[in-house]
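Beneath this line is the structure, given in structure tokens, with notes to follow.
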Amino acid sequence: MATTTESSDAGQATKKKHLGIPEAIFVEDVDSFMQQPGNDTADAVLRKLDEQYQKYKYMELNLAQKKLRLKSQIPQIKQTLEILRHMQKKKDTTDPMETHFLLADNVYCKATVPPTDKVCLWLGANVMLEYDIDEAQTLLEKNLATASRNLDSLEEDLDFLRDQFTTTEVNMARVYNWDVKRRSKDNLSKMADKS
């Protein structure tokens, strides 16, 4: 009984992991698959499988864009954390910190920053908030952990999606080959009837 519960829990965990991505069912027996309701002709089945394949392609495009966003976001968060750690060390001194900041693409400006315990962070959507350095560091560490976790999850979803591509492509090939064999049998029987 325990093994059944564990295996069903594992199955549910897999479904939850890839929530939103329908699993492609492998067509093992094409003859029985083609007898199912809704599978009238091979062309209709191939259209359905192609539609499913195009949906997977669309999902892949969206996931790849999210992955690119996260891959660019993570280094920015790390760089900001590095700057915060440096400011943390300098906040108790009276010496101002000299730095260069990005004014525009490839244009930097030299600045002198007095010791401070406050920083402003861009949160997105043209929103900037002022934080204590410790609060900002905590927030960015949390954001970095979330972004890394999301990137790992996206990688798993992309791997799962590639498996669905393969399964769908194999199904399409199997149905197409089944139809070719069926047509050749029909042609042979028609030829045999004529002679």
Side-chain angles (χ1 to χ4, degrees), residues 1-85 105 121-127 136-182:
M1 177 100 177
T3 55
T4 308
T5 307
E6 289 171 11
S7 64
S8 67
D9 289 344
Q12 287 176 349
T14 304
K15 284 185 182 179
K16 287 179 187 174
K17 253 187 212 179
H18 308 293
L19 196 62
I21 302 174
E23 186 175 356
I25 308 299
F26 178 68
V27 177
E28 205 159 322
D29 183 12
V30 182
D31 288 324
S32 64
F33 178 74
M34 293 304 290
Q35 300 300 320
Q36 292 176 359
N39 296 343
D40 300 328
T41 64
D43 288 337
V45 172
L46 286 171
R47 271 195 302 277
K48 280 190 227 173
L49 289 172
D50 187 52
E51 183 181 317
Q52 184 180 15
Y53 185 79
Q54 294 307 320
K55 287 177 184 177
Y56 288 141
K57 279 290 189 192
Y58 181 73
M59 287 180 210
E60 181 190 37
L61 180 69
N62 286 338
L63 291 177
Q65 287 173 345
K66 285 181 185 178
K67 181 179 172 182
L68 282 174
R69 263 195 314 273
L70 283 174
K71 280 193 168 205
S72 69
Q73 195 177 42
I74 289 173
Q76 290 174 354
I77 294 172
K78 286 180 180 177
Q79 184 180 22
T80 306
L81 272 169
E82 229 175 271
I83 292 167
L84 282 177
R85 289 184 187 113
D105 288 340
L121 294 179
W122 283 105
L123 300 180
N126 293 329
V127 175
Q137 193 169 352
T138 304
L139 176 71
L140 287 172
E141 285 170 351
K142 185 180 116 194
N143 288 354
L144 179 62
T146 302
S148 298
R149 203 171 40 249
N150 288 345
L151 184 62
D152 291 341
S153 175
L154 273 175
E155 291 285 349
E156 288 175 14
D157 286 346
L158 280 168
D159 286 343
F160 179 75
L161 204 49
R162 284 185 202 103
D163 290 344
Q164 303 321 299
F165 281 141
T166 304
T167 304
T168 304
E169 288 169 347
V170 168
N171 286 344
M172 289 169 76
R174 289 175 60 91
V175 169
Y176 181 79
N177 290 341
W178 175 86
D179 190 42
V180 168
K181 285 180 186 176
R182 184 188 58 81

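Quick caveat: nothing in here was measured; it's all calculated off a predicted structure.
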**Thr146 side, atom OG1; Lys142 side, atom NZ - distance, nearest 0.5 Å** = 6.5 Å
**Asked** Between Arg182 and Asp179, is there a salt bridge with N-O shorter than 4.0 Å?
**Response** yes
**Message:** Tell me whether Ser148 contacts the main-chain N or O of Leu144 through its side chain, where contact means a donor paired with an acceptor under 3.5 Å.
**Reply:** yes
**Asked** Heavy-atom distance under 4.5 Å between the side chains of Met172 and Thr168, does that happen here?
**Response** yes
**Fill in**
Of all heavy-atom pairs linking Ala24 and Thr167, the shortest is O-CG2, 3.7 Å
Side-chain donor-acceptor distances from residues 25-44 under 3.5 Å, at least two apart:
unit_1	atom_1	unit_2	atom_2	d
Asp29	OD1	Asp31	N	3.4
Asp29	OD2	Ser32	OG	3.1
Asp31	OD1	Trp178	NE1	2.4
Ser32	OG	Asp29	O	3.1
Asn39	OD1	Lys48	NZ	3.3
Asn39	ND2	Phe33	O	2.7
Thr41	OG1	Ala44	N	3.1

**Request:** Test side chain to side chain contact (heavy atoms under 4.5 Å, CB included) on Arg47 and Glu51 and set out the steps.
**Result:** CA-CA 6 Å; Arg47 271 195 302 277; Glu51 183 181 317; over 6 Å; no
**Complete:** Closest non-hydrogen contact found for Lys71 with Leu151 is CG-CD1, 4.2 Å
**Request:** Without swapping roles, check the side chain of Tyr56 against the backbone of Pro22 for a donor-acceptor pair under 3.5 Å.
**Result:** yes
**Message:** Taking atom OH as the centre, does Tyr53 end up with more than 12 heavy-atom neighbours from other residues, nucleotides or ligands that are less than 6.0 angstrom away?
**Reply:** yes
**Prompt:** Looking only at heavy atoms, which two atoms of Glu141 and Leu81 are closest? And how far apart?
**Reply:** CG-CD2, 3.8 Å
**Request:** For atom CD of Gln65, decide whether the heavy atoms of other residues, nucleotides or ligands shown that lie under 6.0 angstrom number more than 12.
**Result:** yes
**Asked** Atom CG in Asp163, atom CZ in Phe165: separation rounded to 0.5 Å?
**Response** 10.5 Å
**Item:** Approximate separation, where rounding is to 0.5 Å, of Leu154 CG and Lys67 NZ
**Value:** 8.5 Å
**Message:** If you compare all heavy atoms of Ala147 against all heavy atoms of Gln73, which two are closest, and at what distance to 0.1 Å?
**Reply:** CB-OE1, 4.4 Å
**Request:** Apply the test side chain to side chain contact (heavy atoms under 4.5 Å, CB included) to residues Gln54 and Asp50: give CA-CA distance (whole Å), side-chain angles for both, the deciding distance (0.1 Å), then the verdict.
**Result:** CA-CA 6 Å; Gln54 294 307 320; Asp50 187 52; 3.6 Å; yes
**Message:** Nearest 0.5 Å, please: how far is CG in Leu68 from NZ in Lys66?
**Reply:** 13.0 Å
**Asked** Of all heavy-atom pairs between Ile77 and Leu140, which one has the smallest distance, and what is that distance?
**Response** CG2-O, 3.6 Å
**Asked** CG of Leu123 to CG of Leu139: how many Å apart, nearest 0.5 Å?
**Response** 7.0 Å
**Asked** Which pair of heavy atoms, one from Arg69 and one from Ser72, lies closest together, and at what distance?
**Response** O-OG, 2.9 Å
**Complete:** Between the CD atom in Gln76 and the CG atom in Asn143, the distance rounded to the nearest 0.5 Å is 12.0 Å
